[in-house]
**Student:** 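Shown below is the structure under consideration.
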Amino acid sequence: MASVIDELRQRGFIEQTTHEQELEDYIEQGNITCYIGFDPTASSLHIGSLVPIMSLAHMQRHGHRPIALVGGGTGLVGDPSGKTEMRKLLTAEAIEDNARGIKKQLANFLDFKQGRALMLNNAEWLTRLEYIPFLRDIGRHFSVNRMIKAESYKMRLDSEEGLSFIEFNYMILQAYDFLELFNRHKCRLQMGGSDQWGNIVAGVELIRKMHRQTAFGITFPLIVTSSGEKMGKTAKGAVWLDPARTSPYDYYQYWVNTDDRDVARFLALFTFLPMDEIRKVESLEGADLNSAKSILAFETTLLVHGRQEALNAYQAALSMFGGREIPQHLLPSSTIPRSLAGDDDLSVPYSFVEAESLKAGIPAFKLFHQAGLAASGGAARRLIEQGGAYVNGQRIDAFDRLITEQDLNEERVIVLRSGKKRFHKIKAQA
RNA sequence: GGUGGGGUUCCCGAGCGGUCAAAGGGAACAGACUGUAAAUCUGUCGGCGACGCCUUCGGAGGUUCGAAUCCUCCCCCCACCA
């Protein structure tokens, strides 16, 4: 089997490593332990964390032991890396809550049974530190001259707002985490986003200074879309892994809307489909490329939300947008259904309206506003006046056209649509 | 603590007594073109059943026929000095 490093490299996970050759030799020995830190700044992870998560999953699949370290302690301090503004400090309780939510989500990707992967919280050791002993044992190994040169602080040092002392300590605490995991679990590899390079190297050096042993670091590239956007950023905010924040349908839609140029790259990063199949996608265009996007969306939704939700989202997309058969030879390892069967579209957003009020009729612009397809009544009016509103596939031309029970289809449903891709179903309620 | 410069609609950023719901850009939304892609062009972009009405320019007062614009106090940010 190819080394996990090769696999990660081929899939585009690796930006930079320390001690390249030594690292490869070390990993070849097998059964190593590595870790990545996750910030508990929200109760859910979002797409931006997918690269670290997938890398841990690859590690585990190659027989290594991943540690997901939730930053319950470092979260109290706040990482300034790459940030232009100081983050607001969260309360200890909020961080605890968030840590719990994150643990749940990671369990979808990693097998934590029998210690095959570990989930730790650095609050366990960080909150117990004593200031003076810490300064004497750990702090003395850090040169402020060097620290202020670190890229991760640069933005803040150059900014008007400056860098507060609490944030300045972040690097030291993260280095200490690495040391602690080295001591407790023989963890000698830390991975992280490219903005973590300085923090990771600080840990590598601390371990060398304290124990005269080599530790390693790997950073991932910052994944941006071909149009230059950071992954997972939409107008409505981040794309979350928590179905309560981003529905499986929206999650699926996010991926189907992937830019042409990104499809193969994203298949490599965000699915486990084999690379030799993925390479063939690079030369596709037109309809086949769109099928590849469906597979990308299906596979990523499957990983986060499970098979049933992935099927629902896929079927919903078929019924709303129409579909085409997905060729057998395209990414054959994917378990996406390849024939057009079923018309189950449970996961399109919907809401209920009382049958009574439909008898009287509801002005279209009000209904669009209520359904959440327009931010205000005025916006709904504009939408309609500009020809961007559809009822059951028919463009409507008057903002106050009454929507009545006449508009219900055989299934007692009215399909509203804004623009090309935003759907909402209205169901009559007796 | 002192001195100076600031806080404008989702973001950046003009406006500095009426012509201001507030230039310009970005983002967003819609139309055309398409492949639920990109690029491009066009329109929209505070609220309201709407040629009018209502609420916005850090907060509270005041001057004025009239204030985002002037005055007073307060809050917050930044730079330099200490």
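Worth saying up front: this structure is predicted, and the values here are computed from it rather than measured. Every chain is numbered from 1 and lettered A, B, ... according to where its sequence line falls, protein lines coming before strand lines.
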**Student:** Can you list the residues that meet the side-chain hydrogen bond (donor to acceptor under 3.5 Å, both in side chains) rule with A:E309, with sequence neighbours excluded?
**Tutor:** none
**Student:** Is the distance from OP1 or OP2 of B:U36 to the nearest side-chain N or O of A:Y314 less than 4.0 Å?
**Tutor:** no
**Student:** In this structure, how many angstroms lie between the P atom of B:G49 and the CZ atom of A:R401, rounded?
**Tutor:** 19 Å
**Student:** Would you call A:E180 and A:N122 a side-chain contact if the rule is heavy atoms closer than 4.5 Å?
**Tutor:** no
**Student:** With a cut-off of less than 4.0 Å, is there a side-chain N or O of A:K421 near OP1 or OP2 of B:U34?
**Tutor:** no
**Student:** Could I get the full list of side-chain contact (heavy atoms from CB on, under 4.5 Å) partners for A:N108, not counting sequence neighbours?
**Tutor:** none
**Student:** With sugar-phosphate meaning primed atoms plus P, OP1 and OP2, does A:N257 contact a base, only sugar-phosphate, or nothing at under 4.0 Å between heavy atoms?
**Tutor:** base
**Student:** Please find the pair of heavy atoms, one from A:L56 and one from A:I67, that lie closest to each other, and give the distance.
**Tutor:** CD1-O, 4.1 Å
**Student:** Apply the ring pair (Phe, Tyr, Trp, His ring centres under 6.0 Å) test between A:F178 and each candidate in A:Y35, A:W125, A:F216; give the one that qualifies.
**Tutor:** A:Y35
**Student:** Closest nucleotide of RNA chain B for A:Y390 versus for A:T258: which of these residues is on the 5' side?
**Tutor:** A:Y390
**Student:** Taking side-chain hydrogen bond (donor to acceptor under 3.5 Å, both in side chains) as the cut-off, I'd like each qualifying pair that reaches into residues 377-395 of chain A, sequence neighbours left out, listed once.
**Tutor:** A:Y390-A:R395
**Student:** Once ring-ring contact (aromatic ring centres under 6.0 Å, His included) is applied, do any residues pair with A:F109, and if so which ones, sequence neighbours excluded?
**Tutor:** none
**Student:** Say you pick atom C1' in B:U69 and the same atom in B:U63; how far apart are they, in whole Å?
**Tutor:** 13 Å
**Student:** Against A:I102, only a single residue in A:D242, A:L241, A:L45 fulfils side chain to side chain contact (heavy atoms under 4.5 Å, CB included); can you say which?
**Tutor:** A:L45
**Student:** Output a table of nitrogen or oxygen pairs between the protein and nucleotides 42-44 of chain B separated by less than 3.5 Å.
**Tutor:**
unit_1 : atom_1 : unit_2 : atom_2 : d
B:G43  : N2     : A:Q386 : OE1    : 3.3
B:G43  : N3     : A:Q386 : OE1    : 3.2
B:U44  : O4'    : A:Q386 : OE1    : 3.2

**Student:** Expressed as a whole number of Å, how far does the P atom of B:U55 sit from that of B:C48?
**Tutor:** 15 Å
**Student:** Among side-chain atoms of A:Q10 and A:R279, is any donor-acceptor pair under 3.5 angstrom?
**Tutor:** yes
**Student:** So which protein nitrogen or oxygen atoms get under 3.5 Å of nucleotides 8-11 of chain B's nitrogens or oxygens?
**Tutor:**
none

**Student:** Just call it for A:G378: base, sugar-phosphate, or nothing, with non-hydrogen atoms closer than 4.0 Å on any strand.
**Tutor:** base
**Student:** To the closest 0.5 Å, what do you measure between OG1 (A:T219) and CD1 (A:I200)?
**Tutor:** 6.5 Å
**Student:** What's the CD1-C1' distance between A:I295 and B:A37, to the nearest Å?
**Tutor:** 17 Å
**Student:** Taking atom types as modelled, find out whether A:Q16 and A:S194 have a side-chain donor-acceptor pair closer than 3.5 angstrom.
**Tutor:** no
**Student:** Does anything in residues 359-374 of chain A reach RNA chain B, meaning a heavy atom under 4.0 Å, and if so which residues?
**Tutor:** A:P363, A:F365, A:K366
**Student:** Give a yes/no answer on whether the side chain of A:S418 brings an N or O atom under 4.0 Å of OP1 or OP2 in B:A30.
**Tutor:** yes
**Student:** What contact category does A:R381 fall into here, base, sugar-phosphate, or nothing, at under 4.0 angstrom with non-hydrogen atoms?
**Tutor:** base
**Student:** Using only heavy-atom distances, determine whether the side chains of A:N199 and A:Q196 contain a donor-acceptor pair under 3.5 Å.
**Tutor:** yes
**Student:** Just the rounded figure in Å: distance from C1' of B:U36 to CZ of A:F423.
**Tutor:** 8 Å
**Student:** Can you list every pair that meets ring-ring contact (aromatic ring centres under 6.0 Å, His included) and has a residue in residues 353-372 of chain A, with sequence neighbours left out?
**Tutor:** A:F365-A:F399
**Student:** Distance between the P atoms of B:U72 and B:C77, in whole angstroms?
**Tutor:** 22 Å
**Student:** Quick one: are A:V239 and A:H46 in side-chain contact, heavy atoms under 4.5 Å?
**Tutor:** no
**Student:** A:R395 side chain N/O closer than 4.0 Å to the phosphate oxygens (OP1, OP2) of B:A32?
**Tutor:** yes
**Student:** What does the 5'-to-3' dot-bracket notation of RNA chain B look like when only Watson-Crick and G-U wobble pairs under 3.5 Å count, and pairs to other strands show as |?
**Tutor:** (((((((..(((.....[.....))).(((((.......))))).(((...)))...(((((..]....)))))))))))).
**Student:** When you measure from the side-chain N and O atoms of A:S226 to the phosphate of B:A37, is any distance below 4.0 Å, counting only OP1 and OP2?
**Tutor:** no
**Student:** Closer than 4.0 Å, any side-chain N/O of A:S227 to the OP1 or OP2 of B:A38?
**Tutor:** no
**Student:** Under the rule for salt bridge (Lys or Arg N to Asp or Glu O under 4.0 Å), what residues qualify as partners of A:R401, not counting sequence neighbours?
**Tutor:** A:D407
**Student:** Considering every strand and a 4.0 Å limit on heavy-atom distances, what is the contact class for A:Q253: base, sugar-phosphate, or nothing?
**Tutor:** base
**Student:** Where along residues 263-281 of chain A does a heavy atom fall under 4.0 Å from RNA chain B?
**Tutor:** none
**Student:** Keeping A:T246 on the side-chain end and A:W240 on the backbone end, is there a donor-acceptor pair under 3.5 Å?
**Tutor:** yes
**Student:** How long is the line joining CG of A:D397 and P of B:A30, in whole Å?
**Tutor:** 19 Å
**Student:** Hey, could you give me each pair passing salt bridge (Lys or Arg N to Asp or Glu O under 4.0 Å) that has a residue in residues 252-266 of chain A? Not counting sequence neighbours.
**Tutor:** A:D259-A:R261, A:D260-A:K293, A:D262-A:R265
